[in-house]
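Following: one structure in structure tokens, then a few remarks.
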2 protein chains.
Amino acid sequence: MNIRTLCLAILSAGDTTGYDIRKLSTEGKYSYFVDASYGAIYPALNRLENDGCVTFREESQPGKPPRKVYSITREGHRELIEALCDAPSKDIFKSEFLLIAMSASRLPREALARAIETREVQLKEEVDLIQSLRDSAKDEGTRWVCDYGMACMGGSLAHLQATKDELLAVAQNETERLDAAE
Amino acid sequence: MNIRTLCLAILSAGDTTGYDIRKLSTEGKYSYFVDASYGAIYPALNRLENDGCVTFREESQPGKPPRKVYSITREGHRELIEALCDAPSKDIFKSEFLLIAMSASRLPREALARAIETREVQLKEEVDLIQSLRDSAKDEGTRWVCDYGMACMGGSLAHLQATKDELLAVAQNETERLDAAE
DNA sequence: TAGGCCATGTAACCGGTTACATGATTAG
DNA sequence: CTAATCATGTAACCGGTTACATGGCCTA
């Protein structure tokens, strides 16, 4: 799931610019399972063009900087299919929150409470984002992915809200910590 | 959620070696939300020791290479708490499978079917792992994290199994693809 | 008039992985 | 006899991020 393949996949759904690929992958409909910055996207697009996987036309609209609108080529599509056809590598999931939860019994309760709340807010935001993406999705695949995301994130949020008190109970309160320090 | 903090967090739950930290974070109870390799862990432990955050004793058992058993120090614990106390950064989730699902309508059906099955197997394995970790968990925090993981992964798997046919229906079958090529 | 959006790009940096070296021991 | 497990470590590499440059336009 390198940036090169990501660019090809996004371009296979329609022409765009590097600027918009970045938007799609940090705020748009790819953002909840992908991430990419300018410093990775622009070089990738240049390489793809060099390899004949994409072409671009320069559109200069007055008042705004000219933009390079990229299109995927037959060769690019071939490479994309090839890349997506071999078994997908495992999903990558990294969670600082769960590391904190894991250390609950060694943490001051207030710190844990803050972490839980932050995580709750983050999850809510993500769920809202996916919901709004789902509402405006034209593509069947996109809708399925949004539904999947809603199920996962929504379930995650619900479970967190339902069991957070149990987790909180594991943490140390001030007096226990003082006891332990002796 | 850098390797340094990860090492401190694991050591705060009890003494271990670099070798075992790696095991814990790739096969053990941290593995589903964390990942680290020797090349990252050993240098991190050396730096932590230099900074007075950990100490180690060398245990040489006959027939096996001697091992460095690390313990966290008061200073190390202080740094850990500090690191875990400020708001957790967003969880990172990257999924090649969802990128494939997103491109469903442009993919041959067989390829999508393979991807779905692979993902199903991966999820099942993960759920099984977490289940077994949960069964042998002594620590309250660990149990909570396992339950949380079971809810997320289990929900994810259930949703995938319940809706995979819909996704599959989005993909192109051979004849459609030939049509599109004209 | 300050800041944000559009839009492209690059160079320095960095946190990690991969692949290797070493070597005794045990399991198949 | 081979392969895996234990156990530590390093060097080369790499894919990516961060921070910056550029510059006109629009909004608060």
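Every chain is numbered from 1 and lettered A, B, ... according to where its sequence line falls, protein lines coming before strand lines. These numbers come from a predicted model, not from an experiment.
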_With sequence neighbours excluded, residues passing salt bridge (Lys or Arg N to Asp or Glu O under 4.0 Å) with A:Asp147_ = A:Arg134
*Scan residues 59-102 of chain B for pairs that pass ring-ring contact (aromatic ring centres under 6.0 Å, His included), counting only residues two or more places apart or in two chains.*
B:Phe56-B:Tyr70
*So, the side chain of B:Gln122 versus the backbone of A:Pro88: is there a donor-acceptor pair under 3.5 Å, distance only?*
yes
*Could you work out the complete set of other residues in the hydrophobic cluster of B:Val69, with links drawn between I, L, V, M, F, W and Y side chains under 4.5 Å apart?*
none
*Close residues, residues 5-24 of chain B, relative to DNA chain D [heavy-atom separation under 4.0 Å]*: B:Thr17, B:Gly18, B:Tyr19, B:Lys23
*Give a yes or no on whether the backbone of A:Ser25 and the side-chain of A:Ser31 come within a donor-acceptor separation of less than 3.5 Å.*
no
Under 3.5 Å, N/O pairs linking protein and nucleotides 23-28 of chain D:
none

Under 3.5 Å, which donor-acceptor pairs do the side chains of residues 45-52 of chain B form with other protein atoms, sequence neighbours left out?
residue: B:Asn46; atom: ND2; partner: B:Tyr42; partner atom: O; Å: 3.3
residue: B:Asp51; atom: OD2; partner: B:Arg4; partner atom: NH1; Å: 3.1
residue: B:Asp51; atom: OD2; partner: B:Arg4; partner atom: NH2; Å: 2.9

*Sugar-phosphate atoms are those with a prime plus P, OP1 and OP2; base atoms are the rest. Using that split, label each nucleotide of nucleotides 13-18 of chain D B, S or - for protein heavy atoms under 4.0 Å, 5' to 3'.*
---SBB
*Keeping the roles fixed (side chain from B:Arg143, backbone from B:Ala137), state whether a donor-acceptor pair exists under 3.5 Å.*
yes
*Is a side-chain donor-acceptor pair under 3.5 Å present for B:Asp135 with B:Ser132?*
no
*Salt bridge or not for B:Glu75 and B:Arg78, using N-O below 4.0 Å?*
yes
Quick test: give all pairs of protein nitrogen or oxygen and nucleotides 1-4 of chain D nitrogen or oxygen below 3.5 Å, distance rounded to 0.1 Å.
none

_From A:Cys152 atom SG to B:Leu98 atom CG, the distance as rounded to the nearest 0.5 Å_ = 7.5 Å
*Take A:Pro43 and A:Pro66, find for each the nucleotide of DNA chain C with the closest heavy atom, and name the residue whose nucleotide sits nearer the 5' end.*
A:Pro66
*Would you say B:Gln61 reaches D:dA7's phosphate, i.e. side-chain N/O to OP1/OP2 under 4.0 Å?*
yes
*Are the side chain of A:Thr16 and the backbone of A:Ile21 linked by a donor-acceptor contact shorter than 3.5 Å?*
no
*Please, which pairs that meet ring-ring contact (aromatic ring centres under 6.0 Å, His included) have at least one residue in residues 104-151 of chain B, sequence neighbours excluded?*
A:His159-B:Tyr148, B:Trp144-B:Tyr148
*End-to-end bend of the helix from C:dT1-D:dA28 to C:dG28-D:dC1 (five-pair axes, 10° rounding)?*
40°
_Among residues 46-53 of chain A, which ones have heavy-atom contacts with DNA chain D below 4.0 Å?_
none
*Applying side chain to side chain contact (heavy atoms under 4.5 Å, CB included) between A:Cys146 and each of A:Asp139, A:Leu129, A:Ile130, report the one that passes.*
A:Ile130
*salt bridge (Lys or Arg N to Asp or Glu O under 4.0 Å) partners for A:Asp91, two or more places apart*: B:Arg119
